[in-house]
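Below is one structure, written out as structure tokens; comments come after it.
Convention: sequence-line order gives letters A, B, ...; per-chain numbering from 1.
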Protein chains: 2
Amino acid sequence: MTEQLSSVEERGDVMRAQALAREIFANIANKWALLIINALGENTLRFTELHAAVEGISHKMLTQTLRTLERDGVVNRLVHPTVPPRVDYTLTEAGLSLQTTVNAMCVWTRRHLDTIDEARHHFDAR
Amino acid sequence: MTEQLSSVEERGDVMRAQALAREIFANIANKWALLIINALGENTLRFTELHAAVEGISHKMLTQTLRTLERDGVVNRLVHPTVPPRVDYTLTEAGLSLQTTVNAMCVWTRRHLDTIDEARHHFDAR
DNA sequence: CGGCATCCATCTAGATACTG
DNA sequence: CAGTATCTAGATGGATGCCG
């Protein structure tokens, strides 16, 4: 009956979902986000501790990436109204489930360091 | 005996390994690389097929990312010396093992679409 | 068809400095 | 301590055109 109409609506939904998925994927599938998620793990870390834990990240990128992850419900941000201020970061439940796969990626990298180094030399020998 | 010397050497090795790990991680922990790896999976795909499979990637970024992945021993590149030329891409063994974790990330994204969408609205309501 | 080179707009990320 | 704002070099990525 309303087949045409509903198929149009469904296509719209699918496209919106795809756009959303792509955006989310882009948010988490980048170096800093993944390293932050992995650094957090089960821990509760303050801003400064995270800054130390994620080697090479700048103050600004840490804030920025944390905001994105917070917005996507991956990290929790708990502000203590003290002086000096104190902010605790933890992974949400969703974040924790993501962390296991992120960790797998880190393990993969460590596990293949030598193989990759060799592959590179082989590749560069041309 | 040579404790000082060897500890210096070891630290050098560790630092080199860390630098390598970070470089490799940066190479694979980015949107396009992960999407390419996921698109390949068990399949053999030609350049054009990959281009169609990875939505939104430009001709140039596809070539560029493929070169990096090939250099790191994640993808195989098989050139058929025909006219017109034909190039087949597959994942290497290392690439395949990485793909399983990448796929987990994609599944995670799909699985949390609604949660995230909600989290965003909650966050933006401020 | 697949790849490379070039040009160019845009985005990113680092440095710095300032606020509550 | 944590966050924001501004500025800027450099990386990124898209468009185009040419080559094998």
Side-chain angles (χ1 to χ4, degrees), chain A residues 19 22-37 39-40 43-72 74-91 123-124 126, chain B residues 19 22-37 39-40 43-72 74-91 123-124 126:
Chain A
R22 254 183 301 202
E23 201 188 322
I24 294 167
F25 193 80
N27 281 349
I28 57 173
N30 77 72
K31 194 181 157 191
W32 294 134
L34 292 179
L35 288 176
I36 288 173
I37 291 169
L40 274 174
N43 313 307
T44 297
L45 293 179
R46 302 180 58 175
F47 185 87
T48 325
E49 293 172 331
L50 259 176
H51 194 223
V54 181
E55 297 239 335
I57 195 169
S58 71
H59 188 104
K60 180 190 162 190
M61 280 313 296
L62 182 55
T63 323
Q64 209 171 93
T65 313
L66 280 172
R67 273 316 83 79
T68 309
L69 292 176
E70 187 194 354
R71 189 170 111 96
D72 285 353
V74 174
V75 306
N76 277 129
R77 180 167 174 267
L78 181 60
V79 182
H80 301 274
T82 56
V83 177
R86 173 194 179 101
V87 183
D88 286 338
Y89 289 98
T90 50
L91 288 181
F123 183 91
D124 292 342
R126 289 186 275 158
Chain B
R22 256 183 302 203
E23 199 188 323
I24 294 167
F25 193 80
N27 281 348
I28 58 172
N30 77 73
K31 194 180 155 191
W32 294 135
L34 292 179
L35 288 175
I36 288 172
I37 290 168
L40 275 174
N43 312 309
T44 297
L45 294 180
R46 301 180 59 172
F47 185 88
T48 325
E49 292 171 334
L50 260 176
H51 195 222
V54 181
E55 297 239 335
I57 195 169
S58 70
H59 188 104
K60 179 190 164 189
M61 281 312 298
L62 183 55
T63 322
Q64 209 171 92
T65 312
L66 281 172
R67 272 318 81 78
T68 309
L69 293 177
E70 186 194 355
R71 189 170 109 98
D72 284 352
V74 175
V75 306
N76 278 128
R77 179 165 176 268
L78 181 61
V79 183
H80 300 274
T82 56
V83 178
R86 173 198 178 99
V87 182
D88 287 338
Y89 289 97
T90 49
L91 288 181
F123 182 92
D124 293 342
R126 287 186 281 155

Specify the residue among A/G56 and B/R67 whose closest nucleotide of DNA chain C lies further upstream toward the 5′ end. B/R67

Not counting sequence neighbours, list each pair that qualifies as a salt bridge (charged side-chain N to carboxylate O under 4.0 Å, His left out) and has a residue in residues 80-91 of chain A. A/R86-A/D88

What pairs with A/N27 under side chain to side chain donor-acceptor pair (under 3.5 Å), at least two apart in sequence or on another chain? A/D72

Let me know the distance between CD1 of A/I57 and P of C/dA13, rounded to the nearest Å. 9 Å

Distance check needed: D/dG3 P versus A/L50 CG, whole Å only. 10 Å

From CG of A/L62 over to C1' of C/dG14, roughly how many Å is that when rounded to an integer? 14 Å

Those residues that, when tested against B/E23, pass salt bridge (Lys or Arg N to Asp or Glu O under 4.0 Å) (two or more places apart): A/R120

Considering only heavy atoms, which members of residues 23-35 of chain B lie under 4.0 Å from some atom of DNA chain C? none

Can you run down the salt bridge (charged side-chain N to carboxylate O under 4.0 Å, His left out) pairs that involve residues 53-67 of chain A, sequence neighbours left out, and say none if there aren't any? A/E55-B/R22, A/R67-A/E70

Of all residues at least two apart in sequence or in a different chain, which pass the ring-ring contact (aromatic ring centres under 6.0 Å, His included) check with B/F47? B/H59

For A/R71, what residues pass the salt bridge (Lys or Arg N to Asp or Glu O under 4.0 Å) criterion, not counting sequence neighbours? B/D124

Taking every non-hydrogen atom, the tightest pair across A/W32 and A/M61: CD1-CE, 3.8 Å

Hits for side chain to side chain contact (heavy atoms under 4.5 Å, CB included) against A/N76, two or more places apart or cross-chain, chain-then-number order -> A/T90, A/T92

Within less than 4.0 Å of OP1 or OP2 of C/dC1, is there a side-chain N or O belonging to B/Y89? no

Per-nt protein contacts along nucleotides 15-20 of chain C (heavy atom under 4.0 Å; B base, S backbone sugar-phosphate only, - none) come out as B----B

In whole angstroms, the gap separating P of D/dG3 from CD of A/Q64 amounts to 13 Å

A/A39 and A/L45: which non-hydrogen atoms are nearest, and at how many Å? O-CD1, 3.8 Å

Writing each nucleotide of DNA chain D 5' to 3' as (, ), [, ], | or . by Watson-Crick or G-U pairing under 3.5 Å yields |||||||||||||||||||.

Looking only at heavy atoms, what is the nearest atom pair of A/L34 and B/A29, with distance? CD1-CB, 3.6 Å

Taking the side chain of B/M61 as heavy atoms from C-beta outward, which of C/dC4, D/dT4, D/dG13 is closest to it? D/dG13

Return no unless some side-chain N or O of B/R46 is found under 4.0 Å from OP1 or OP2 of C/dC1. no

Going by the rule side chain to side chain contact (heavy atoms under 4.5 Å, CB included), which residues pair with A/V79 if we only count those two or more places apart in sequence or in a different chain? A/R77, A/V87

Starting at atom CG of B/D88, determine the distance to atom P of C/dC1, rounded to an integer number of angstrom. 14 Å

Distance, rounded to the nearest Å, where B/H51 contributes NE2 and C/dC1 contributes C1': 13 Å

